[in-house]
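Worksheet for the structure shown next.
Atoms considered below: every heavy atom in the structure, side chains included; atoms not considered: hydrogens, waters and symmetry mates. None of the values given here were measured: they were computed from a predicted structure.
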Amino acid sequence: MNHFSRTLLSAVCIFATGCASVPTIPPELDLSRAMIVSGTAESALVLDGPSGKGKGAAKGAAKGAGTGAGLGLMSCLMAGPIAPVCFLGVGAGFAVIGAVSGAAIGTALAESAESVEVKRSLLKTALTAPGVRERMATYVQQKVRAKLAVELPIAGAQASATRSGWTLRIAMTEFATVGSGPEVPWALQASGSLEVMRADVPEAVFVKNYRALSAKKMTTADWGVSDGQAVRTELEDLSAVLATQMVSDLTQPAK
């Protein structure tokens, strides 16, 4: 593989995955005495898909062009010395095709502003219900206790970490819909973060983001039955899944 191809492949790697190293839990972390607190930042509400046909077309075109250009780039990596010339022609052609098809798809999937606001209201109501902010931290405590058979202190976000010097900060960072379109069933997705902090270090020594997607897909009308009870139930289930992911990392054997 020549230098140009290696450079392009590196660019694709960075664009697609960030090529970041996997964070690891500090081996000296004493889970049995660590404080568990809930994050204080507001969770972001993210609604999949644009509202309005114009926005749908524009977003679809941009996404399609990017996908097309990426396909062209990957195909040209195999062209060897003529890869730059290949990309100028083939890559640009893929981008145009992607933009046109993406605009059509985006227009078809666009929802009315009213429909989007109904979704937003359902998610916001579930997310701001009493106890939701602390729920994931509570789940992490319960699961770690069951895993290690130890008692862990849990406190609010302002709690002191003087017991051991270790603090685990658990936060629900995002609550989102996945799927859009008039009368199209959609799923729910929750994202959370785990920060491991040590009293003598100003920055977190471990930070990792987690994501969980609901298996259930329903229309907005179905999600909204009984004032959005299904959304509230699904958020609780997703919080438990995120907590399980975090505890798996926290309790894995040190390498």
Side-chain angles (χ1 to χ4, degrees), residues 10 13-47 123-124 126-178 188-214 234-255:
S10 297
C13 175
I14 294 172
F15 178 77
T17 67
C19 300
S21 59
V22 178
T24 57
I25 297 289
E28 65 272 24
L29 171 63
D30 182 4
L31 270 182
S32 65
R33 300 174 60 234
M35 293 290 293
I36 299 178
V37 302
S38 300
T40 59
E42 290 283 336
S43 303
L45 289 180
V46 179
L47 304 180
L123 269 63
K124 184 175 182 180
L127 198 56
T128 56
V132 170
R133 184 185 296 274
E134 298 80 17
R135 179 183 292 155
M136 197 153 50
T138 301
Y139 284 161
V140 169
Q141 181 204 33
Q142 293 171 346
K143 291 175 183 295
V144 169
R145 180 187 300 165
K147 190 92 172 178
L148 303 182
V150 296
E151 290 292 325
L152 295 183
I154 184 167
Q158 302 302 318
S160 170
T162 55
R163 280 191 208 198
S164 68
W166 290 99
T167 302
L168 310 180
R169 180 183 293 151
I170 313 296
M172 174 78 71
T173 56
E174 183 181 287
F175 191 32
T177 63
V178 178
L188 288 166
Q189 180 174 275
S191 301
S193 67
L194 166 64
E195 293 179 277
V196 177
M197 294 166 289
R198 200 169 67 189
D200 59 343
V201 179
E203 301 292 334
V205 296
F206 173 90
V207 179
K208 186 173 178 180
N209 298 314
Y210 300 82
R211 182 173 295 171
L213 179 67
S214 69
E234 201 63 43
L235 177 57
E236 184 173 352
D237 292 343
L238 291 174
S239 296
V241 171
L242 291 172
T244 299
Q245 294 174 2
M246 294 178 187
V247 172
S248 177
D249 280 343
L250 287 167
T251 58
Q252 67 181 353
K255 296 180 180 179

Legend entry - Passing candidate, side chain to side chain contact (heavy atoms under 4.5 Å, CB included) with Leu194, options Leu250, Val207, Val140, Val247: Leu250
Legend entry - Over all atoms of both residues, closest heavy-atom pair of Leu188 and Leu213: O-CD1, 3.4 Å
Inset, instruction - Taking the side chain as every heavy atom from C-beta outward, state whether Arg198 and Phe206 have any atom pair closer than 4.5 Å. - result: no
Legend entry - Minimum heavy-atom distance Val205-Pro26, with the two atoms named: CG2-CG, 3.5 Å
Inset, instruction - To the nearest 0.5 angstrom, please state how far the CE atom of Met136 sits from the CG atom of Leu235. - result: 9.0 Å
Inset, instruction - Quickly, which of Thr251, Thr244, Thr138 forms a side chain to side chain donor-acceptor pair (under 3.5 Å) with Lys143? Name it, please. - result: Thr244
Inset, instruction - Report the C-alpha separation of Glu134 and Met172 in whole Å, then their side-chain angles, then the decisive distance to 0.1 Å, and conclude whether the side chain to side chain contact (heavy atoms under 4.5 Å, CB included) test is met. - result: CA-CA 9 Å; Glu134 298 80 17; Met172 174 78 71; over 6 Å; no
Inset, instruction - Could you check if a side-chain atom of Val46 sits within less than 4.5 angstrom of a side-chain atom of Gln189, using non-hydrogen atoms only? - result: no
Inset, instruction - Quick one: pull up CG in Leu45 and OG1 in Thr177 and give me the separation to the nearest 0.5 Å. - result: 9.5 Å
Legend entry - Close side-chain approach of Asp249 to Tyr210, heavy-atom, < 4.5 Å: yes
Inset, instruction - Among Val37, Val144, Ile36, find the one that has a side chain to side chain contact (heavy atoms under 4.5 Å, CB included) with Leu168. - result: Ile36
Legend entry - Greater than 12 external heavy atoms within 6.0 Å of Glu203's CD: no
Legend entry - Nearest-0.5 Å distance that lies between atom CG in Leu31 and atom CH2 in Trp166: 9.5 Å
Inset, instruction - First locate atom CG of Leu238, then atom CZ of Phe175, and finally report the distance between them rounded to the nearest 0.5 Å. - result: 6.5 Å
Inset, instruction - Nearest 0.5 Å please: distance from the OG atom of Ser193 over to the CE atom of Met246. - result: 6.0 Å
Inset, instruction - Over all heavy atoms of both residues, which pair between Ala243 and Tyr139 is shortest? Give the atoms and the distance, please. - result: CB-CB, 3.5 Å
Inset, instruction - Identify the two heavy atoms, one from Ser38 and one from Ala137, that lie closest to each other, and give their separation to 0.1 Å. - result: OG-CB, 3.4 Å
Legend entry - Inter-residue atom distance Glu195.CD - Asn209.CG, 0.5 Å rounding: 9.0 Å
